[in-house]
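Here is the naming used below: chain letters follow the sequence lines, and residue numbers restart at 1 for every chain. Not measured: the values here are computed from a predicted model. Every heavy atom of this structure was used, including side-chain atoms; hydrogens, water molecules and symmetry mates were not.
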Protein chains: 2
Amino acid sequence: MKTAKGGLVLKSLKEQVYDYLRQQFQKHRLQPGETINMEATAGKLGVSKTPLRDALIQLEMEGFVTISPRRGIFVNPLPLAEIREFYQVIGALESSALIESFPSLGPAGIRKMDGLNRRMQKAIDAGDFDLFYEKNLLFHDAFVAACGNGNLTRIVGNLKKRLYDFPRKRQWIKEWEQSSIREHQEIVDFLAAGDPQSAAIFLRDVHWSFKVQEKFIRKYYGDAKA
Amino acid sequence: MKTAKGGLVLKSLKEQVYDYLRQQFQKHRLQPGETINMEATAGKLGVSKTPLRDALIQLEMEGFVTISPRRGIFVNPLPLAEIREFYQVIGALESSALIESFPSLGPAGIRKMDGLNRRMQKAIDAGDFDLFYEKNLLFHDAFVAACGNGNLTRIVGNLKKRLYDFPRKRQWIKEWEQSSIREHQEIVDFLAAGDPQSAAIFLRDVHWSFKVQEKFIRKYYGDAKA
DNA sequence: GGCAAATAACTGATATATCAGATATCAGAA
DNA sequence: TTCTGATATCTGATATATCAGTTATTTGCC
């Protein structure tokens with residue numbers, strides 16, 4: 001329950017619990033296979049089990065946990081096979097979004113993407129992974145948002161939540177980040193040349209190709225077992 | 001909670017409530033904008049508000065309802081704009097699934113799709129819309145399932161739930177059904193000719209093109225307002 | 001010692017009571 | 001008559017108690 005009172009936005013307990021748990025994922029405090037104990041967690045958060053359960057149902061729908069009735073609530077692993085699936089889905093959807101957004105992106109939008117990619121390079125040069133990550137998200141968001149398809153944005157966003165919040169072996173791989181920047185530049189170049197189809201195909205078949213990115217993925221997530 | 005006891009599969013109350021509500025949608029007993037009253041519904045179903053709320057949280061995540069805190073729970077409309085969004089997403093994902101599944105489909109899989117399409121024609125000839133609908137789902141499921149991407153299947157499936165459970169103006173439009181069958185045949189022909197790329201493009205840009213299908217969509221769903 | 005049945009403990013699922021925000025209605029003042 | 005504040009009602013959100021399936025441990029028999 002979000003209420004605005006004099007500029008304050010009040011969140012329901014359910015939402016606050018959800019945010020807390022999401023943070024736990026982002027901080028890698030919840031590991032695959034781990035159980036979330038209702039009594040203990042509710043006690044720790046100082047709320048009843050009810051909003052906790054509400055939040056967990058949402059997290060289950062989003063793929064983060066599995067509620068195994070009367071047995072326990074388990075943090076889902078993220079096996080390579082599933083990462084492969086995510087890559088396929090995101091590739092197909094972002095590719096579609098890029099084509100759809102091209103008319104409304106225009107030169108200004110392409111310049112914006114180009115600028116974001118350059119800032120990604122600067123972040124790498126400065127060793128600032130958080131900034132790199134932020135600009136990377138914004139690069140993709142530029143055309144996904146411009147596509148104007150809220151459902152597509154939601155679906156892609158949720159898969160990315162799973163990809164990025166999952167505990168990983170390494171914080172970053174410079175080679176991968178450099179490679180991403182080169183790929184982004186390729187996409188921008190296609191767009192600037194007025195060829196969204198080639199940009200979309202490159203985005204789908206290279207940038208979001210599990211096969212192409214596999215060597216980095218394995219380093220980054222480790223060879224996670226299901 | 002699904003438990004198997006001596007072959008019986010027992011469902012939790014939450015699941016049963018969810019199934020009931022889904023049925024209500026399928027039977028068009030729940031209309032856009034309508035409210036679902038917790039006390040009344042729980043009383044009617046003979047359960048407490050808890051499993052009802054659990055089910056509603058899931059339905060909200062799936063887009064069927066909006067839980068407006070402390071105000072009410074509203075059945076979501078399905079405006080044409082959203083249908084358009086769904087068409088784009090499904091088109092992109094099914095297209096991707098078709099390419100991915102082609103190697104494992106093989107001649108047998110293509111024949112199966114062909115057979116399903118012929119049965120769709122027979123259903124039309126016999127005026128049996130339920131059978132048509134069933135074979136239509138199976139036609140698409142054939143390559144979506146063969147793609148082996150559970151997440152893609154789940155995402156597409158959920159969007160189709162929304163499309164097919166939504167109340168509509170007309171039960172069926174023979175012209176659209178005939179058109180679908182022709183389009184399916186086109187896809188099958190491309191596949192049989194060993195050209196999944198053309199099949200995928202046709203699937204995405206014709207079969208799942210909102211623009212191409214718009215005249216039927218408007219007749220079928222009515223000109224629903226948001 | 002091994003196995004099966006009984007019992008205890010654990011844990012999530014559900015029911016009920018209470019709370020709390022939103023909305024409608026009423027009463028009083030201008 | 002209109003407006004504002006107070007009160008009542010409605011409805012979902014949350015807390016607490018209890019239930020019920022699952023798992024672990026104990027007990028008794030062979």
Enquirer: Quick one: does NZ or CZ of Arg162(A) land under 6.0 Å from the six-membered ring centre of Phe86(A), within 45 degrees of the ring axis?
Expert: no

Enquirer: Around atom CD of Glu175(B), are there more than 12 heavy atoms of other residues, nucleotides or ligands at under 6.0 Å?
Expert: no

Enquirer: NZ of Lys49(B) versus C1' of dC19(C): gap in Å, rounded?
Expert: 10 Å

Enquirer: For Phe74(A) and dT22(D), what is the distance between atoms CZ and P respectively, to the nearest whole Å?
Expert: 13 Å

Enquirer: Whole angstroms only, please: what is the CD-C1' distance between Glu39(A) and dA17(D)?
Expert: 11 Å

Enquirer: Grab the CZ-C1' distance between Arg70(A) and dT22(D) for me, whole Å please.
Expert: 9 Å

Enquirer: With heavy atoms under 4.0 Å as the rule, sort Lys14(A) into base, sugar-phosphate or nothing.
Expert: sugar-phosphate

Enquirer: For Ile57(A), report the nucleic acid contact type (base, sugar-phosphate, nothing); a contact means any heavy atom under 4.0 Å.
Expert: nothing

Enquirer: Can you tell me if Asn117(B) uses its side chain to pair, donor with acceptor, with the backbone of His184(B) under 3.5 Å?
Expert: no

Enquirer: At less than 4.0 Å, is any side-chain N or O atom of Asn37(B) found next to OP1 or OP2 of dT11(D)? Yes or no.
Expert: yes

Enquirer: Provide, to the nearest angstrom, the distance between the CG atom belonging to Leu13(B) and the C1' atom belonging to dG12(C).
Expert: 13 Å

Enquirer: Rounded to whole angstrom units, what separation is found between the CG atom of Asp54(B) and the P atom of dA15(C)?
Expert: 10 Å

Enquirer: Kindly point out which of dT14(C), dG12(D), dA15(D) is positioned nearest to the side chain of Met38(B)?
Expert: dG12(D)

Enquirer: Using heavy atoms to find the nearest nucleotide of DNA chain D for Thr35(B) and Thr50(B) separately, return the residue whose nucleotide is more 5′.
Expert: Thr35(B)

Enquirer: In whole angstrom, give the distance that lies between atom CD of Gln16(B) and atom C1' of dT14(C).
Expert: 13 Å

Enquirer: Looking at the side chain of Arg71(A), which of dG12(D), dA15(D), dT22(D) is the nearest nucleotide?
Expert: dT22(D)

Enquirer: Taking side chain as C-beta onward, heavy atoms only, is Tyr164(B) less than 4.5 Å from Tyr133(B)?
Expert: yes

